[in-house]
Every structure is written in C-alpha cells, then in structure tokens.
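Written out below as structure tokens is the structure these notes cover.
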Amino acid sequence: MRVVVAEDHALLRDGLTRLLTAYGLEVAEALDGTAGLPEALQRNDVDAAILDVRLPPSFTDEGLRAAIEARRTRPGFPVMVLSQYVEHLYARELLASGEGAVGYLPKDRVADAGEFVDSVRRVAAGGTVLDPEVVAALMHRRGDEPVDRLTEREREVLGLMAEGRSNAAIGHALFVTEKAVAKHINSIFTKLDLPVDVDDNRRVLAVLAWLKV
C-alpha cells in the first residue's frame, strides 16, 4: 500500500515515514505543507493519505480542506487525519460525505505503533477509525431516527465499531463473548434497515448512520 504523508513537524514526519515503512507500507510522498499536496493526493498510485489538520501557511485547517477536496474528486479516497486536539467540527466535515474510509485521531492518542498502522490499514480498506472522544461528541442527536431504535448495549457496540474495533475487541471491552457481539451487530443492522444484500460494507454503513451529520 502506498500512502502520502503531510505533516509540518520534521521529526514527526520522519517518524511516520520510518514507522510506515517498517510495517511494510510505502510512503509515496512526505510533505511538510500544502505545496504539492493536491497533486500528490490525485496520484493514481497512491492508496491513502495521512494528514495533519493544520498545515502551513496559516496552520488552521489546510490539511482537512485538502482531505475533503481529495474525497470530492476521488469519492471514498481513504484519509487518516491527525490533530493536536479533538476538533469535533472537523470530524463532522470529514463524515459529511456519507462514505467510509475515514480516520480521525489526536496525535497524543497514537501511542502504539502497531495499532496505529492497523488503523491506517482499516481506513484504507474502507472502514472508520474514530477517537472515542469524537464518537462520544457525535452521538448526541435528535430523536425519530432509526438509531433511536437501538438498545443501550447496541449503542455501546456501535460506538466501539466506530472506533474501528473488531468483534473480538468489542467483546473484550464489554466482557461478553464474540458470539454475543455478532448477535448485537446483526440486530443493529436490522434496526437500521440495512439489507443483507447491500453492496457496501454494512459495518461502515451502520457507523455512518449513527454518526450522520
């Protein structure tokens, strides 16, 4: 898998490049700002991007805007966004397209190298990986929607799915069996009116239905 990295801090950019390479990913370009970034994100040989939200010259939301524009021209293009802080508005904007293949993690939560690379791979495969604080903030919504049919336990399961966790990891977090998790997930699919023969990944669609903006 080939990725583009955009991070203005030289040490972190170099660290990300070395980390991804060590885990078998290829860094097609490692940029320190927005110069050349739009072109890099349009390369046909690039499979995903890891972007800092705030990049030169203004250090506001250049990375986010580049990600949104790339997904506008390349629907579903996988993007992992890193931020110094959890900014809920940015997460909402990334999810507004209604597609998966999105990750949003605060930099200080990236403590485990292997887990981070696994998160990048899940996003590249079309999944979602969101920080728990982002999930908690986005779950507040108005009533009269399909997600309001879910039980409290089903909401817990769906919240962990939004964080990108596997069935086994969800079971471990909730102290239930993997079989029980699978039953909850099937119930979630039914209550959210996701048909069995849907072409898209129902797991991603369920998360997006819950985090819908």
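- Remark: Ser187 engages Glu154, Lys191 in a side-chain contact (heavy atoms from CB on, under 4.5 Å) (not counting sequence neighbours).
- For the atom pair CG of Asp52 and CG of Asp61, the computed distance is 11.5 Å after rounding to the nearest 0.5 Å.
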Donor-acceptor pairs are to be reported for all side-chain atoms of residues 22-41 against protein atoms at under 3.5 Å, with residues two or more places apart or in another chain.
residue, atom, partner, partner atom, Å
Tyr23, OH, Gly114, N, 3.4
Glu26, OE1, Arg2, NH1, 3.2
Glu26, OE2, Arg2, NH1, 2.4
Glu29, OE2, Arg43, NH1, 2.8
Thr34, OG1, Pro56, O, 3.3

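- Atoms OG1 and CG, on Thr17 and Leu12 in that order, are 9.0 Å from each other to the nearest 0.5 Å.
- The CD1 atom of Ile68 lies 11.5 Å from the CZ atom of Arg72; values are rounded to the nearest 0.5 Å.
- Residue pairs that meet the side-chain hydrogen bond (donor to acceptor under 3.5 Å, both in side chains) test with at least one member in residues 172-184, sequence neighbours left out, do not exist here.
- At distances below 3.5 Å, at least one donor-acceptor pair connects side-chain atoms of Arg71 with backbone N or O atoms of Ala101.
- Atoms CE and OG1, from Met161 and Thr128 in turn, are 8.0 Å apart once rounded to the nearest 0.5 Å.
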>> Run Arg149 and Asp193 through side chain to side chain contact (heavy atoms under 4.5 Å, CB included) and show every step you take.
In response: CA-CA 11 Å; Arg149 306 169 189 166; Asp193 301 321; 3.0 Å; yes
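- Atom OG1 in Thr190 sits 12.0 Å away from atom CD1 in Ile185 (nearest 0.5 Å).
- Contacts of Arg165 classified as salt bridge (Lys or Arg N to Asp or Glu O under 4.0 Å), with partners at least two apart in sequence or in another chain: Glu163.
- Judged as a side chain to side chain donor-acceptor pair (under 3.5 Å), and not counting sequence neighbours, the contacts of Asp14 are Arg18.
- Of all heavy-atom pairs spanning Leu160 and Ala173, the tightest one is CD1-CB, 4.0 Å.
- A search for salt bridge (Lys or Arg N to Asp or Glu O under 4.0 Å) contacts involving Asp47 returns nothing, not counting sequence neighbours.
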